[in-house]
Structure formats: C-alpha cells, structure tokens
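These values consider heavy atoms only, across backbone and side chains, with no hydrogens, waters or symmetry-generated copies. Sequence lines set the chain letters: A, B, ... in the order given, protein chains first and strands last, and positions in each chain run from 1.
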Amino acid sequence: MKETPLSNCERNFILKAIENKERLDGRQSYDYRRIKLEFGIDRGCCTVELGETIVMAKVSCEVGQPKQTRPTEGFLYINVEFSPMAEAHFEPGKQTEQANEMARVLERCLRDSRAVDLESLCIMAGAKVWKLRVDIKILNYDGNTIDASALCSIAALSHFRRPDITVSGEEVTIHSVDEKDPIPLSIHHLPLCVTIAFFHQGTYCLTDPISREEKVMDGKMIIGMNKHREICTLQMTGNMLLNKEQVLRCTNIATVKIVELNDVLQNALSADEEARSSGKPYGTYVADFRKVTVKAAESPTHSMSEIEEEARSMQLDSDRMEESEEEVVENVVKNSWLLRIKESKANEAQKVKDTICSEIDEFLTTQREMSDLQQQSIVNNSSKNNGAKGQDQDAKTDTKRKRNQNRPKKKPDTQSTAKGESLDSATSQTKKSKGKRKGK
Amino acid sequence: MAAWELLKDQNFRLDGRKPTELRRIETRLGVFPNADGSAYLEQGNTKVLATVYGPHEVKGGRGRSNPDKAVINCQFSKSAFSSSERKTHMKFGRNSSETNQHLVQALNAAVMSHLYARCQIDVYVEIVQSDGSDFCACLNASTLALIDAGIALKDIVTCCSATIVDEKSVVDVNYVEESSGSAVLIVGLLPKDEQIAYMQMKGRLHADHLEKLLDCAVEGCRNINNILKERIGEHLKTHSSHFTLTRPATPGRAERSRPAIA
Amino acid sequence: MSIDIRLSNEKLQHESTDFSAERPLHLVIPGDIITREAGYMRGHGTYMENDVLYASVAGCVEKVNKLICVKPLKSRYTGEVGDVVIGRIIEVGQKRWRVETHSKLDSVLHLSSVNLPGGELRKRSEEDERMMRNYLQEGDLISAEVQSVYADGSLSLHTRSLKYGKLGQGSLLQVPASLVRRRKNHFHNLPCGASVIIGNNGYIWICPTINEQSDKTGGFVTNYERVNSSTREVIARLMNCATALAENMVVIYDTTLLCAHEFSLKYEVKELIKPDIAKEIALLTKQKIHNNDY
C-alpha cells in the first residue's frame, strides 16, 4: 500500500506552529514523550513505548564459529523489521531504506562503540564463540523509532542472561537454565540515541519528533551517547545544511537528554530485578518526561504539561478522597454498631448493678432486722452468753457479704471504663475522620 | 590490536605525514566518453571512479518521479580486488545500501534539483582500490563527475575524514588508522558558506573532543576544496578551445548562438 | 590480420591552440562569484543568493548585454522551438509517440503533428489511432522539428514538412549536443555523395544522397533499395570524420565536415579510427576554420 502523503495545510500548520515554538501535542521543544519500559518473562525481551511508538526487542544467542580475522571475538547482529502492523505502507519482509538506516545506526552505536564486550563472548578461541542476535520489531509507528529502538535494545541486552558454560580441556559444556543460573553479558557502557529534527533550514530543532513532524522536517541528526558524555555515533541525514555551532548545540542538548533516558533505563532495570528476586510479578515502569528541559529558565510559567499534571494529581487526590470517604462511612457504621453493643452491655451492667444494689439493700434491711432481733434477744437473754457466737458469725457473714458486694461492683466499673475507652476511641475516630474531611 | 604507534615521537604518522597533512590527490575529469559525466579520483592509495548519467527520464514508472525535484540515485560498489584480501562485497547488502543513501543525501544538499523536476540523475561509484576514507573519496569523485556532466550545483561538496590519536586530531585517515578502533569523523562540507551537508561518526569519542575534531575535518575539507578547484580550472583551460569555437569569434557574423534565458 | 597496439604514454600532449588569446575567458566553478553588481539578468548556469550572482556549473561566462549565463563544457540537450532533432521511438501511446532525444526528458510526437500517408488533411479518427503502429513503431528513427517546449522542459515535436519523417538506410552518430550550432539549414547534401542531417540534440544521420524530387512520400515509406559499396564507403568516411571532430571538441556543421573529409582523403577509412590520425584531422580542421574566420 502506498503511504498517504501529508496534506499541505497540515504541513503549513505544523511549520507555523514550530515557528511559534509550539508542538502538536503541547510538548516543549526538547521534551520527550511518555516512556514506558516493560520487560518480559523471558530474559532479554523488552518493549518500549515512546508515546505512541511501540518497539520490541528480543536478544537471543547461539554458538558458532568466529571470523578468521578475529578468532577471539563473538558476534552481535542487529536486525530491524518494520512490520505492516505498525503502518499500513510498510511491506512485510522487504528491507526498506529506513529499516536499513536504523539497523546501521544501532550497529554503530552498540557494536562499533564497544558497548558489548565481544571478547567475553568467546568460548574457545578460533573454534566457538557466542553469536548474539538482537531482533527489533516496530509494532506501532509514530515517529522517532531510532531512540526507542536504541533504548529497547540496550535494555534487552542488559536484561539478557546467557547460559553458563564450563570448559574442561577440549570439552565445553553448556549448562541449561535449570542446571546453572545464566550469567549476564559484559556491557561496558550504555549508549543511547537522541534524534533531533530540524525545520526551516535548520533554524528550529526539536527532539523526539512524531511521525507528522518527521514528514515535515528538513532532516535529522542522530547522536548516540552514554552518560559519561562519550559520543558513540553521530549522523546527520537529510537534505539540509548545518553549521558548526548548530552541531555543537545539538550535542549539548543530547547530553542532557541522555542523562534522563539513562535514569529511566536504570530505574526500570532495578525495578525488574527487585520484582524478580522478591517473587512479585514483573511490573512496568512509567516515566513522565515533560518537566525537564534544557532551557528551563525560558520556559513559560504555565504550560499545558504543567496544567495536565496538576489535573492528574487532582484526579488522584480525588480518587483517594473517595476511598477515604468510603472508609470513613464504613468506620462510622462500624462505630455506631459498636456503640449500640456497648450501650446494650452498659445497660445490662447497669441492671446487674441495680439488682446487686437492691440485693445489698435487702441484705442491709434484713441485717438491721436481724440486729434488732438480736438486741431484743440480748435484752431478753442478757444472762445468756450464747449470743456472742451468733454475733461473730454475723460479723463474718457481714464481711463476706461486703466482699461479695465489692466484687460485682468492680466488673461493671471495668466494663464501663472499657466501654468508656471504646466510646472515646469511636468518638476520636469520628473526630479524626471529620478532621480528614476538613483537611481535604 | 597490534602495537603500532600511529603517532610517533616526531609527530609523524605511519605513512610519514604530519597530523594536518592530506594525502596526494590526483583527479581526471571526462574519463568515460559514454557517460554524461565521469571522474577519477585518487586520495593517496584510495582510487575511485565515478560516472553520472543524466538528467534523464525517470526509469521505473511515473510513480517514482518527483514533480518538484530531481530524483538522485546512487549506486556504490566496491570491487572485490580493492582491499588487500579479495572479498566480494554484496552490492545490495546493508552497508552498500546505507552508503548509497548517504551519498544521495549529501548530493541532494548540493544539486539544484528544482531545475531538474521529473528527471533522474544516476551516479555510479566504484572503488578500485581501498585504503581508508572510502566514503570521502566517493563523495569527492561524485561531485567532480556531476560537474563534468554540467549539472547545476550550489557548490562543490568536499568530504574529509578525521580521527583523534593520542589527544591530537589527525586528518585524512588511511586504512590502518581507521581500523585501529579510534573514533573516525567524516564531514561533507559546502565550502562557500562553510555549511555541513553530511556528517557521520563511528567509534567512541568524548564530547569535549568533538569541537576539535570537527574543526580539523572542516579544515581538511577546505584544503581539498582548494585542490579540486585548481584541478577543475586546469581541466577547463585545456578544453577552453571548445568555448571559443562554439562561440562566434567576431560579433559581425550572421549566425549567433541564441543564449537561452532561464 | 595485424593488431595495432599503442601505449597511452606515447599519446601527444594536448596542444592548447591559443585561440583564447583574442578574448580572455572567464572560467568559473560552481560556487564562484560571477559579479556582485546588480542590474544583470540571470541566465542558465547561474543562481542568485543575497544579491550576489554565483555560478552553478563549471564553464565559461557569457555576457550578452545585460544577460549573464555560464556555459558548461558538456550538458544535455535543451530544446528550442524550431530545432531539428533526430530521435528514436520508444513508446506508442494514446494518440502520441514517445521519442527519445537524449535530453532531460523524453519528447512527445502527437498524432496530430504527423503527416498522414498520401498527404491528406483530415481530423484524426479512431482508426488512425489504431493504425499508429503501422506508421511508426518502437525503435524507428525519425527526424522532426521542435514545435513547442512544455513547462517542465520536455519537447513536443512535429513532422509536418515532407523533409521530416522516418529515416531509412544510413548511419547514426551521437556527439555532444554542445558541438552542434543552430543554423538555418540542418539538412545537407554533401558533394562527396552523401546526405547528412545534423540534429541539434547531437544525433547525426549520414545516409545516401536524398533525391529531392522523388523521395517526397511523406516520410513513412522506407527505401530498402540496396546501397552500393562506394556510397557506403563515403558514408563510413564521413562517420569517422565526424567522430574525430567530436572527440576533439570541434564544432560540427557542413563546412567542418567537408574540411575534415578533405583532409581524411589521404588515409584509408579504417585508419581514421586511430586516435592520433583523428586528432591530426581535427587540428587541421580547427586551424582552417580559424583562419577562415579572420
């Protein structure tokens, strides 16, 4: 299928917007789109989403014979495929110029800059070496596939583990994954690419162009660099002319961007390692790249990106608020139930208390009666000395009763104090939740 | 890697050159009578032949012709006997395809292609002997061939390579220096306004050294430009009789070649 | 049969015959400044940038009153109305033929621009369209005149005169288009016994003498009568002379051809192919023309 050309009004609009330092998606000139790095379950599989562009890389290895001229070096092949699912005008199987260019850039970036140590891939000098193969497939095309692929391939290479080998004399044993843990590749540095597109005969430049911007651009410059500020590859393609100052300015922009991209990569790798080691499911890492710009001082006070961010954070907060409200409601319901239970218990306790009090009163009244009767009997039987024993017995029973009276009193107290505490906590919780509401 | 000293004590390179010295350049224009334009270029031991056919009708159907500009088509080929070891190079392999594309892009920046709308210009380059800076020699030879064909150019495209050896930048690298693994920068320049039409670097280089290396390569391009200008001038002079005879010698003659207005 | 071997070192060096002494040539290279003065009209081979006139081809600056143009050594043929060209049919299309004339773009010969056989004048019908292939096929050689030039530079040809049309027996030679000057007459019947058509696009056609009276058949009937050996020899000699002149960058028109033919008579036809003899003839011709000019 033939590629649909960009209409002239779209072209003019994009160019005009760039003159006014605006981009279609509201980014700043040197901002990157949202980057999402995802590793697969298999070692060496990585997917990068740069905005809408989706690129997948897979590293595989096999044993083979080395080159005659370099008997101690392994191989690193890079294969790029633009699949028709990315864009309808890509033909399956056909090696287009674009795919070719990308493969060559990546080869220079990864292989010629000695990012991967090829000598460490040697098993037996002159006889057997590891042949690494990075297969990159473009799954969805929206511009800037080179940056995405570079990030993807170096991430996949860092993620990859090759089978362990033991050499005993002439024999080489390649251990399977179950026998011995596979070992990581020896990677000296992590080169990443930055694509800078030029417009209006080189007057304006943007990083991370989307596919519509790419159709309108004069040409682009690809800079491959690692975080130590070592340039791994430099290429200026496109039918445009630049002068020295523009070239040096681009390298400065690239330096800043590489550091950010590197952070993304490192965080993603470490997150994945952590997830694997702790047994959690291997997750994704999301980076928001819209804040950092080279000319931070010149950025406007309010930009779309900032407003978007605020909106998002507000959304998150409101989500949380909703959650907390639900919790509060739940708590209130729970507390009300507890209150009722406690109230009922308190009532019961109160009843018990009342009954005991009434019993005590009864005791006291009976005691008085008894004592009255005893006094009468004493008066009656003053000559008789048999009443003392009865008094002692009475005294004992009195003390016993008093003890009994004391015990039941304590229970309702503790219960009431416990209820009091729970009531207090319930009230405090409600107070806290009210506080939360007020705070939000 | 062999323990060769690329830069010896007295600041001489392996082939006896100083760091800022170019190799010997020999040129010849109009080598093939069949082609519209042709050139032969020697840069030291790197020898390159370039031929240009065009502008002519676009081959391969109407779909490939561009109504605004010319379609430039380059075909790069490295002979099997060009390197020290005989090695057949795949004409349609990845490296050749990339070189073709880069040649097209570099030449597109110089050719005034709006004058050749709907036309196709074919450039065929063959490396007869390879000794480093192959691409540079190809681009220089293509420019000469285009000039020989009479195709309108904004300016001559000159190309030069440079590398850094022992913290010193060294211009016009040969095969040994190229394969030593140090970073090699290739710059294609339009010397009139000092504008860079093509740039490519391979190998690892610290960003602080880039400016130095760029300056060195640009200086090399300027020097090559002077040499090429001289050669083209000589070529024109030897064929200057053509200009006098095609022009009426005296103003009074009846037949006048009508100059066409652009 | 003997084989002749020559070493390239023994080739005579270029003798730059000093014709340039009369008028100094202003030779330029792409990117050179021609003039900074304003008020000049820009011709071929130049471009303007920031009010400065630069050259875009390598050649000699020509100034005609206020018009400045740069003429390169070699360039493809660009057509003008009224030029005589020789071309090959490469395609038979809808109501037109596509003709290859060694220019930037292929030329076009419309059905309405040819003479119908018998000389009729009528509107072209469907049947005519289907019979196109009977008139001119792919591979046929024709002589035509440029009727008009389109905006993109391609030419529209016509064969409306009886002297134009399909070419029969003869030899075709290709020379650089810049060696052919525009003149009043491009069809010459040379006294040596051959006719020559010098096309502005660099194609030269040498054939047996065209009989002015009898061969006016509208140009579509080819004469396949056997040509005798003496005429063939003359044609071959003329071919070699023209080749010699072309290789040494001498302008080709009837006078120069005749001069060259004269000088070549002392050699055999096949000897004229040798570069040193060819050069000698060319030099002699150049000198004679130069002398005749003054």
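A salt bridge links Glu194(B) with Arg222(B): the distance from a Lys NZ or Arg NE/NH1/NH2 to an Asp or Glu carboxylate oxygen falls below 4.0 Å.
The contact between Ser103(C) and chain B is made entirely by backbone atoms, counting heavy-atom distances below 4.5 Å. In this structure, the portion of Lys192(B) lying under 4.5 Å from any heavy atom of chain C is its side chain and not its backbone. Contact annotation for Leu190(B): neither backbone nor side-chain heavy atoms come within less than 4.5 Å of a heavy atom of chain C. For chain B, no part of Val70(C) is nearby; none of its heavy atoms comes within less than 4.5 Å. Both the backbone and the side chain of Leu73(C) come within contact range of chain B, with heavy atoms under 4.5 Å apart. Only the backbone of Ile151(B) comes within contact range of chain C, with at least one heavy atom under 4.5 Å from a heavy atom of that chain.
Side-chain contact check for Ile127(B) versus Ser130(B): some heavy-atom pair is nearer than 4.5 Å. Considering only heavy atoms from C-beta on, Thr35(C) comes within 4.5 Å of Tyr40(C) through its side chain. Side chains of Ser38(B) and Leu49(B) form no contact here, defined as non-hydrogen atoms less than 4.5 Å apart. Using a 4.5 Å heavy-atom threshold, the side chains of Val149(C) and Glu80(C) count as separate. At least one side-chain heavy atom of Asp122(B) sits less than 4.5 Å from a side-chain heavy atom of Gln120(B). Using a 4.5 Å heavy-atom threshold, the side chains of Ile204(C) and Val175(C) count as touching.
Annotation: residues 50-57 of chain C contacts chain B through Tyr54(C), Ala55(C), Ser56(C), Val57(C) [non-hydrogen atoms, separation under 4.5 Å]. Within residues 138-150 of chain B, the residues that have a heavy atom under 4.5 Å from a heavy atom of chain C are Ile147(B), Asp148(B), Ala149(B), Gly150(B), listed by number.
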Evaluation steps, side-chain hydrogen bond (donor to acceptor under 3.5 Å, both in side chains), between Tyr124(B) and Glu126(B): CA-CA 7 Å; Tyr124(B) 300 103; Glu126(B) 177 91 24; over 6 Å; no
Full working for side-chain hydrogen bond (donor to acceptor under 3.5 Å, both in side chains) between Glu42(B) and Tyr40(B): CA-CA 7 Å; Glu42(B) 271 183 34; Tyr40(B) 169 74; 2.7 Å; yes
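Among the candidates Val123(B), Thr99(B), Ile121(B), the single residue satisfying the side-chain contact (heavy atoms from CB on, under 4.5 Å) test with Cys74(B) is Val123(B).
His110(C) and Tyr150(C) have perpendicular rings, their planes meeting at more than 60° on a 0 to 90° scale where under 30° would count as parallel.
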Could you pull out all donor-acceptor pairs under 3.5 Å where a side-chain atom in residues 242-251 of chain C meets a protein atom, sequence neighbours excluded?
| from | atom 1 | to | atom 2 | distance (Å) |
| --- | --- | --- | --- | --- |
| Thr243(C) | OG1 | Met239(C) | O | 2.6 |
| Asn248(C) | ND2 | Ala244(C) | O | 2.8 |

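In terms of non-hydrogen atom pairs under 4.5 Å with chain B, the most contact-rich of Pro30(C), Ser154(C), Ser75(C) is Pro30(C). The residue among Gly233(B), Gly54(B), Gly30(B) with the most heavy atom pairs within less than 4.5 Å of chain C is Gly54(B). Chosen from Leu115(B), Leu228(B), Asp36(B), the residue pairing most often with chain C at heavy-atom distances under 4.5 Å is Asp36(B).
Under the side chain to side chain donor-acceptor pair (under 3.5 Å) criterion, Ser107(C) pairs with Thr101(C), not counting sequence neighbours.
Atoms CG and OH, on Leu103(B) and Tyr198(B) in that order, are 8.0 Å from each other to the nearest 0.5 Å.
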